[in-house]
Amino acid sequence: QVQLVESGGGLVQAGGSLKLSCAASGGTFSTRAAGWFRQALGKEREFVAAVSRNGGTTYYADSVKGRFTISRDTAKNTMYLQMNSLKPEDTAAYYCAVGPLTSPSGTVYYRPQNFVYWGQGTQVTVSS
């Protein structure tokens, strides 16, 4: 079983930046594809960004493309989400998740049902 803990959320003004971290423990992280989702108050959880197990392939929602960057450090069992040019509509709880134990090297997932373990979330609030 993999435990995931997000950090780095907070309050930021529009146009600002934040970097989220997702620390994995208790299981194998390096062989799993991973991703970030978010859920705003009263809305459904939505896909944000995904990365393959080797970090070589990434995929983004159109709403964040060009502003957010997903990355991972396998040696540290940590995944990151660098968020730049933040907008009020980016306000949400952000969740990291990992996929099956063994993912093909270039595979990314973007559907929630493809992810096996989830973190508890970290709140990001962007003021206008």
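Residue numbers run from 1 in the order of the sequence given.
- Remark: side-chain polar atoms of S52 are not paired, donor with acceptor, to backbone N or O of G106 under 3.5 angstrom.
- Atom CG in N54 sits 11.5 Å away from atom OG1 in T31 (nearest 0.5 Å).
- No side-chain donor-acceptor contact under 3.5 Å links Q39 to the backbone of A93.
- A 4.5 Å side-chain heavy-atom check between I70 and F68 finds every atom pair outside the cut-off.
- The two residues L20 and V124 make their nearest non-hydrogen contact at CD2-CG2, 4.0 Å.
- For the pair F29 and R72, the tightest heavy-atom approach, listed with the atom from each and the gap, is O-NH2, 2.9 Å.
- When the side chains of ILVMFWY residues are joined at heavy-atom separations under 4.5 Å, either directly or via intervening members, F37 and V64 end up in two distinct hydrophobic clusters.
- Between the OG atom of S85 and the NZ atom of K87 there is a distance of 8.0 Å, given to the nearest 0.5 Å.
- For the atom pair CG (L41) and CD (Q123), the distance works out to 8.5 Å, reported to the nearest 0.5 Å.
- Checked by atom type and distance alone, the side chain of Q120 never pairs as donor or acceptor with a backbone atom of V5 at under 3.5 Å.
- K43 is linked by a salt bridge (charged side-chain N to carboxylate O under 4.0 Å, His left out) to nothing, counting only residues two or more places apart in sequence or in another chain.
- More than 12 heavy-atom neighbours from other residues, nucleotides or ligands sit within 6.0 angstrom of CD on E89.
- Looking at Y80 and C22, their side chains never come closer than 4.5 Å, going by heavy atoms from C-beta outward.
- Proximity of R53 to T102: side-chain heavy atoms (C-beta onward) are separated by under 4.5 Å at one or more points.
- Inter-residue side-chain proximity for W118 and R45 is flagged as met; some heavy-atom pair is nearer than 4.5 Å.
- Rounding to the nearest 0.5 angstrom, the gap separating the CG atom in L4 from the OH atom in Y95 is 13.0 Å.
- The ring of Y109 has its center no closer than 6.0 angstrom to the ring center of F47.
- Using modelled atom types, no side-chain atom of Y59 and backbone atom of T107 make a donor-acceptor pair closer than 3.5 Å.
- Considering OG of S21 and CG of L81, their distance stands at 9.5 Å, rounded to 0.5 Å.
- Between L86 and L18 the shortest side-chain heavy-atom distance falls below 4.5 Å.
- Side-chain atoms of D73 and T78 form no donor-acceptor pair, as typed in the model, at a separation below 3.5 Å.
- Counting only heavy atoms from C-beta outward, the side chains of W36 and V51 never approach each other to under 4.5 Å.
- Summarising the geometry of G99 relative to R32, their closest heavy-atom pair is O-NH1, 2.8 Å, with the distance given to 0.1 Å.
- A heavy-atom distance below 4.5 Å is not found between the side chains of S71 and Q82.
- Contacts of D90 classified as side-chain hydrogen bond (donor to acceptor under 3.5 Å, both in side chains), with partners at least two apart in sequence or in another chain: R38, R67.
- Of all the heavy atoms in T91 and A40, the pair that sits closest is O-CB, 3.7 Å.
- Around OH of Y117, the count of heavy atoms belonging to other residues, nucleotides or ligands within 6.0 Å exceeds 12.
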**Report entry** Test log, rule side-chain contact (heavy atoms from CB on, under 4.5 Å), inputs T28 and L101
**Finding:** CA-CA 7 Å; T28 304; L101 179 60; 3.9 Å; yes

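- Here the straight-line distance linking atom OG of S128 with atom CD of Q13 works out to 9.5 Å at 0.5 Å rounding.
- Between S30 and T74 the shortest heavy-atom distance is CB-CG2, 3.2 Å.
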